[in-house]
Participant: 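Submitted below is the structure of interest, expressed as structure tokens.
Quick note: numbers below take in every heavy atom, side chains included, and nothing from hydrogens, waters or symmetry partners. This structure is a prediction, so every number in the text was calculated from the model and none was measured. Throughout, a chain's letter reflects where its sequence line sits, starting with A, and its residues are numbered from 1.
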There are 2 protein chains.
Amino acid sequence: MQLTMTGEYALRAMIYICSFPGDNVFQISDIAIKNEIPDNFLRKIIPLLCKSGLLNSTRGAQGGIKLLIPAKDITPLMIIESVEGEISLNKCMIANEFCSNENWCSVHVLWAETQKKIKEMLSSKTMDVLAHDNTERFNAFHLQKETNKQLRKKNKE
Amino acid sequence: MQLTMTGEYALRAMIYICSFPGDNVFQISDIAIKNEIPDNFLRKIIPLLCKSGLLNSTRGAQGGIKLLIPAKDITPLMIIESVEGEISLNKCMIANEFCSNENWCSVHVLWAETQKKIKEMLSSKTMDVLAHDNTERFNAFHLQKETNKQLRKKNKE
DNA sequence: TTGTAATATGACAAAATTACTCTCAATTGG
DNA sequence: CCAATTGAGAGTAATTTTGTCATATTACAA
């Protein structure tokens with residue numbers, strides 16, 4: 001009942017990319033290092049984000065990847081489903097996955113409702129907001145740490 | 001991002017048990033056959049439901065398992081968490097699982113909210129209702145099938 | 001008190017999935 | 001052509017899931 005590393009890394013990468021102006025170009029190796037993602041693994045994940053139309057990649061010298069659509073039009077759900085396929089809480093919720101009880105199973109209905117709710121939640125925020133919040137909170141957190149350090153130093157004197 | 005078979009089987013077994021009066025005693029083998037659950041596997045799952053206080057088991061002749069608390073006080077979430085541990089959508093949501101970004105990561109907040117929502121959903125129905133709906137829908141579905149069969153037969157004549 | 005009927009437990013094993021790595025191909029700009 | 005960059009496919013190691021099996025434990029009843 002958990003996100004895989006693939007999804008986690010995709011989210012991290014996208015948050016990172018969305019923290020910069022939309023036309024910035026990034027190298028995969030750079031994203032990998034800055035976000036503690038295994039380089040080779042990220043190279044398998046980025047193409048998925050390209051195929052789903054979130055990113056655009058160009059090979060060769062001066063190549064790299066960049067946002068294909070604005071961060072304000074991207075939701076976490078889109079990212080997760082790009083790399084992990086459609087979210088489903090139970091095998092019986094996958095279309096075409098045969099479940100003989102589908103017609104009458106009362107739990108099936110509950111799964112369906114829950115799944116819908118999850119999708120709603122993961123679509124309720126867009127990447128521009130999340131990325132922005134992230135940098136703000138990051139800065140505030142480290143500023144606070146720095147302040148505390150200085151206070152402790154002062155108290156010692 | 002899916003329920004395991006352990007959770008699925010636990011739910012099936014509990015729905016089955018909750019479809020009978022609360023003081024009924026069941027044998028694991030019987031539950032396994034009726035619900036298409038591998039017998040040996042179910043024997044690993046049932047004790048978990050006992051340990052969490054949903055079921056009560058007695059060994060020996062005339063032994064078996066039965067509900068320890070009324071079906072109306074049991075939610076699907078309780079069953080799932082009994083056998084799979086606490087639901088968590090991401091490693092970083094597990095208590096004690098270290099996540100260095102926890103303090104500022106904006107996605108962390110979204111995960112937390114989503115997780116809460118899921119727990120709410122899976123606690124919104126109780127097993128007495130689900131089990132009852134299940135038998136009703138099951139009967140209705142099979143009655144309908146039978147009716148259709150007879151109609152087709154009549155049309156042929 | 002002994003046999004039989006039931007669950008409990010722990011070690012083990014097979015299968016599936018996840019999380020990668022590595023090599024080579026394709027593309028682009030200079 | 002060369003260097004820089006992504007793409008794709010095969011392969012692999014680690015982990016998790018999904019069980020099995022043998023043995024222990026317990027309870028009743030003759």
Side-chain angles (χ1 to χ4, degrees), chain A residues 1-13 17 24-33 35-68 80 82-85 87-91 94 97, chain B residues 1-13 17 24-33 35-68 80 82-85 87-91 94 97:
Chain A
M1 205 74 143
Q2 271 191 0
L3 198 71
T4 62
M5 291 315 287
T6 303
E8 166 74 19
Y9 291 153
L11 270 174
R12 273 194 221 170
I17 292 171
N24 261 43
V25 174
F26 304 85
Q27 264 93 64
I28 294 181
S29 299
D30 175 58
I31 300 175
I33 292 169
N35 295 279
E36 301 180 88
I37 304 172
D39 191 296
N40 282 325
F41 197 20
L42 188 57
R43 279 169 199 287
K44 305 303 293 283
I45 298 171
I46 295 287
L48 299 172
L49 295 166
C50 294
K51 272 170 196 148
S52 73
L54 303 183
L55 296 179
N56 168 267
S57 72
T58 47
R59 297 173 170 190
Q62 323 312 327
I65 59 175
K66 63 174 180 179
L67 279 179
L68 188 56
I80 294 169
S82 292
V83 299
E84 305 213 332
I87 280 185
S88 92
L89 287 181
N90 197 334
K91 290 203 181 76
I94 303 174
E97 186 91 2
Chain B
M1 203 77 144
Q2 271 190 3
L3 198 71
T4 62
M5 292 316 287
T6 302
E8 166 73 19
Y9 291 153
L11 270 174
R12 274 194 222 171
I17 293 170
N24 261 44
V25 174
F26 303 85
Q27 263 95 64
I28 295 181
S29 298
D30 174 59
I31 300 175
I33 291 170
N35 295 280
E36 301 181 86
I37 304 171
D39 191 296
N40 282 324
F41 196 20
L42 187 57
R43 280 171 198 285
K44 305 302 291 284
I45 298 171
I46 295 288
L48 300 173
L49 294 166
C50 293
K51 271 170 197 148
S52 73
L54 303 184
L55 296 179
N56 168 267
S57 72
T58 47
R59 297 174 170 188
Q62 325 309 329
I65 59 176
K66 63 176 180 177
L67 279 178
L68 189 56
I80 293 169
S82 292
V83 299
E84 305 213 331
I87 280 185
S88 92
L89 287 180
N90 196 333
K91 289 204 180 74
I94 304 173
E97 185 91 2

Participant: Rounding to an integer number of Å, can you tell me how far B:I46 CD1 sits from C:dT9 C1'?
Facilitator: 15 Å
Participant: Can you give the donor-acceptor pairs under 3.5 Å from side chains of residues 42-60 of chain A to other protein atoms, not counting sequence neighbours?
Facilitator:
unit_1: A:R43; atom_1: NE; unit_2: A:D39; atom_2: OD1; d: 2.6
unit_1: A:R43; atom_1: NH2; unit_2: A:S29; atom_2: OG; d: 2.8
unit_1: A:R43; atom_1: NH2; unit_2: A:D39; atom_2: OD1; d: 3.4
unit_1: A:S52; atom_1: OG; unit_2: A:L49; atom_2: O; d: 3.3
unit_1: A:S52; atom_1: OG; unit_2: A:S82; atom_2: OG; d: 2.8

Participant: Between A:Y9 (OH) and C:dT18 (C1'), how many Å, whole number?
Facilitator: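 In whole Å, C:dT18 C1' lies 11 Å from A:Y9 OH.
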Participant: Looking only at heavy atoms, which two atoms of B:G7 and B:V83 are closest? And how far apart?
Facilitator: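 Nearest pair, atom of B:G7 first, then B:V83: CA-CG2, 3.9 Å.
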Participant: Could you tell me if the side chain of A:N35 sits less than 4.5 Å from the side chain of A:Y9, heavy atoms only?
Facilitator: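 No - every pair of side-chain heavy atoms lies 4.5 Å or more apart.
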Participant: Measure across B:E8 and A:N90 and return the closest heavy-atom pair with its distance rounded to 0.1 Å.
Facilitator: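 Reported closest heavy-atom pair: OE1-ND2, 3.0 Å.
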Participant: Below 4.0 Å from chain B heavy atoms, what is the first contacting nucleotide of DNA chain D and what is the last?
Facilitator: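 On DNA chain D, the outermost contacted nucleotides are D:dT18 to D:dC28.
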Participant: To the nearest Å, how far apart are B:F41 CZ and C:dT7 P?
Facilitator: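 These atoms are roughly 17 Å apart.
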Participant: Does any part of the side chain of A:L89, heavy atoms only, come nearer than 4.5 Å to the side chain of A:M1, both counted from C-beta?
Facilitator: yes
Participant: In whole Å, I'd like the distance from the CG atom of B:L49 to the P atom of C:dT9.
Facilitator: 13 Å
Participant: Using side chain to side chain contact (heavy atoms under 4.5 Å, CB included) as the criterion, list what pairs up with B:Q2, not counting sequence neighbours.
Facilitator: A:S88, A:K91, A:I94
Participant: Quick check for you: to the nearest 0.5 Å, what is the distance between B:I17 atom CD1 and B:L67 atom CG?
Facilitator: 6.0 Å
Participant: Taking any heavy-atom pair under 4.0 Å as a contact, classify B:I65: base, sugar-phosphate, or nothing.
Facilitator: nothing
Participant: Distances for protein N/O vs nucleotides 28-30 of chain C N/O pairs under 3.5 angstrom?
Facilitator:
unit_1: C:dT28; atom_1: O4'; unit_2: A:R59; atom_2: O; d: 3.4
unit_1: C:dT28; atom_1: O2; unit_2: A:A61; atom_2: N; d: 2.9

Participant: Would you mind telling me which residue lines up with the more 5' stretch of DNA chain C, B:S57 or B:M1, judged by nearest nucleotide?
Facilitator: B:S57
Participant: A:Q2 CD to C:dT17 C1': how many Å, rounded?
Facilitator: 14 Å
Participant: Take atom CD of B:Q27 and atom C1' of C:dA5, then tell me their distance rounded to the nearest Å.
Facilitator: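 So the two atoms are 9 Å apart, to the nearest Å.
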Participant: Hey, are the side chains of A:V25 and A:Q62 touching, using non-hydrogen atoms and a 4.5 Å cut-off?
Facilitator: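 The answer is no; the side chains never approach within 4.5 Å.
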Participant: Could you check A:I80 against A:L11 for side chain to side chain contact (heavy atoms under 4.5 Å, CB included), going step by step and ending with a plain yes or no?
Facilitator: CA-CA 7 Å; A:I80 294 169; A:L11 270 174; 4.3 Å; yes
Participant: Provide, to the nearest angstrom, the distance between the CG atom belonging to B:D39 and the P atom belonging to C:dT9.
Facilitator: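 For the pair B:D39 CG and C:dT9 P, the rounded distance is 17 Å.
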Participant: What integer distance in Å separates A:M5:CE from C:dT21:P?
Facilitator: 12 Å
Participant: What does the list of N/O pairs under 3.5 Å between the protein and nucleotides 10-13 of chain C look like, with a distance for each?
Facilitator:
unit_1: C:dA11; atom_1: N6; unit_2: B:K44; atom_2: NZ; d: 3.3

Participant: Looking at OG1 of A:T6 and CD of A:E84, how far apart are the two atoms once the value is rounded to the nearest 0.5 Å?
Facilitator: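 Reported to 0.5 Å precision, the distance equals 6.0 Å.
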Participant: Which residues satisfy the side chain to side chain contact (heavy atoms under 4.5 Å, CB included) test with A:N40, sequence neighbours excluded?
Facilitator: none
